[in-house]
2 protein chains.
Amino acid sequence: MSLTSDIIRGHTETIILAQLLDGDSYGYNISKAIKSKSEGAYEPKEATLYTAFRRLEQNGLIRSYWGDEDTGARRRYYSVTEEGRRLFDENKNEWLRVRSIIDKLIEK
Amino acid sequence: MSLTSDIIRGHTETIILAQLLDGDSYGYNISKAIKSKSEGAYEPKEATLYTAFRRLEQNGLIRSYWGDEDTGARRRYYSVTEEGRRLFDENKNEWLRVRSIIDKLIEK
DNA sequence: AAAAAATACCTTGACAGCCGAGGTATATCG
DNA sequence: CGATATACCTCGGCTGTCAAGGTATTTTTT
């Protein structure tokens with residue numbers, strides 16, 4: 001596993017929640033949005049993305065529904081729940097906290 | 001596993017290397033130094049620490065030797081190799097890169 | 001002096017997130 | 001018609017973290 005994998009690890013859910021706070025979206029689109037926002041630097045692997053969706057939904061942080069496209073492949077849309085919003089806020093604060101800790105520990 | 005565990009994951013080696021760049025040290029002391037530098041916010045679990053030492057040594061990033069205390073419990077000291085210094089620099093740059101990516105992805 | 005806490009080391013097995021590899025299906029473009 | 005893009009999904013392996021357990025010595029507290 002590459003270094004980046006382990007460093008990004010644990011942020012996947014927060015990153016997904018952040019995207020969904022901009023409005024409901026579906027897997028493929030979320031993936032591309034993340035790639036775009038990170039200027040190509042990061043695009044979650046499909047397996048990672050879909051297992052994260054499962055986890056999030058099972059824990060009541062997002063909800064899903066099928067889109068009603070009459071053309072193209074079917075899309076499963078996701079929306080953030082109230083609980084999901086709360087978790088995002090928590091996780092964001094946690095990130096800011098941990099970020100400063102790591103900064104302290106590896107500054108040199 | 002707590003959120004923090006997954007977020008700190010992948011930084012353990014870099015943090016250890018950073019401590020050793022201040023001078024040779026041993027497990028227990030490194031652990032306390034990390035706790036102190038992070039103002040009590042983080043102290044690696046022993047199992048995590050010692051498995052990290054194994055990994056680092058097996059990969060030639062640190063070297064170890066027994067201290068010659070004639071009192072107190074025996075101590076295994078570690079020192080950073082040239083390769084270890086290089087890895088630390090790489091990892092630090094990687095951290096700065098990933099940090100800004102995550103910031104972009106979860107800012108709101 | 002006995003008990004407790006601190007110092008100092010170590011191993012084993014479980015757990016959980018990430019991802020490579022594989023799969024299905026439709027639409028578009030050359 | 002074949003390739004690429006869109007869009008979904010699962011399974012199994014890998015790896016870092018940690019709870020729980022262990023040994024041994026020294027210092028502090030009762």
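Side chains included, hydrogens not; waters and symmetry mates left out as well; all remaining heavy atoms used. Chain identifiers are assigned alphabetically (A, B, ...) following the order of the sequence lines, protein sequences preceding nucleic acid strands; residue numbering begins at 1 within each chain.
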Integer-rounded Å distance: [N] [atom2] and [X] [atom1]:
X	N	atom1	atom2	result
Y65(A)	dC8(D)	OH	P	12 Å
D6(B)	dC19(C)	CG	P	12 Å
L49(A)	dC9(D)	CG	C1'	12 Å
R55(A)	dC15(C)	CZ	C1'	13 Å
K45(A)	dT10(D)	NZ	C1'	18 Å
L56(B)	dG16(D)	CG	P	10 Å
R9(A)	dC15(C)	CZ	P	15 Å
I7(A)	dT17(D)	CD1	C1'	16 Å

DNA chain C contacts among residues 87-102 of chain B, heavy-atom distance under 4.0 Å
none
So, does [X] use its side chain to make a donor-acceptor pair with the main chain of [Y] at under 3.5 Å?
X	Y	value
T81(B)	L61(B)	yes
T48(A)	P44(A)	no
N29(B)	S25(B)	no
E43(A)	K32(A)	no

Work out which heavy atom in Y50(A) is nearest to a heavy atom in G27(A); give both atom names and the distance.
OH-CA, 4.2 Å
Under 6.0 Å between ring centres, would you say that holds for Y78(B) and Y26(B)?
no
Strictly by modelled atom types, are [X] and [Y] linked by a side-chain donor-acceptor pair under 3.5 Å?
X	Y	answer
E46(A)	S31(A)	no
Y77(A)	R75(A)	yes
S64(B)	R76(B)	yes

Is Y42(A) close to L105(B) at the side-chain level, that is, under 4.5 Å between some pair of heavy atoms?
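L105(B) reaches Y42(A) side chain to side chain.
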If we only count heavy atoms from C-beta on, is the L87(B) to N59(B) side-chain gap below 4.5 Å?
no
Phosphate OP1/OP2 of [N]: any [X] side-chain N/O under 4.0 Å:
X	N	result
S5(B)	dC18(D)	yes
T48(B)	dG16(D)	no
T12(A)	dC18(C)	yes

Let me test you: for the helix from dA1(C)-dT30(D) to dG30(C)-dC1(D), what is the angle between the axes at its two ends (five pairs each), rounded to 10 degrees?
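Rounded value for the end-axis angle: 20°.
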Can you check each nucleotide of nucleotides 5-12 of chain C against protein heavy atoms at under 4.0 Å and return B for base, S for sugar-phosphate only, - for none, in 5' to 3' order?
--SSBBB-
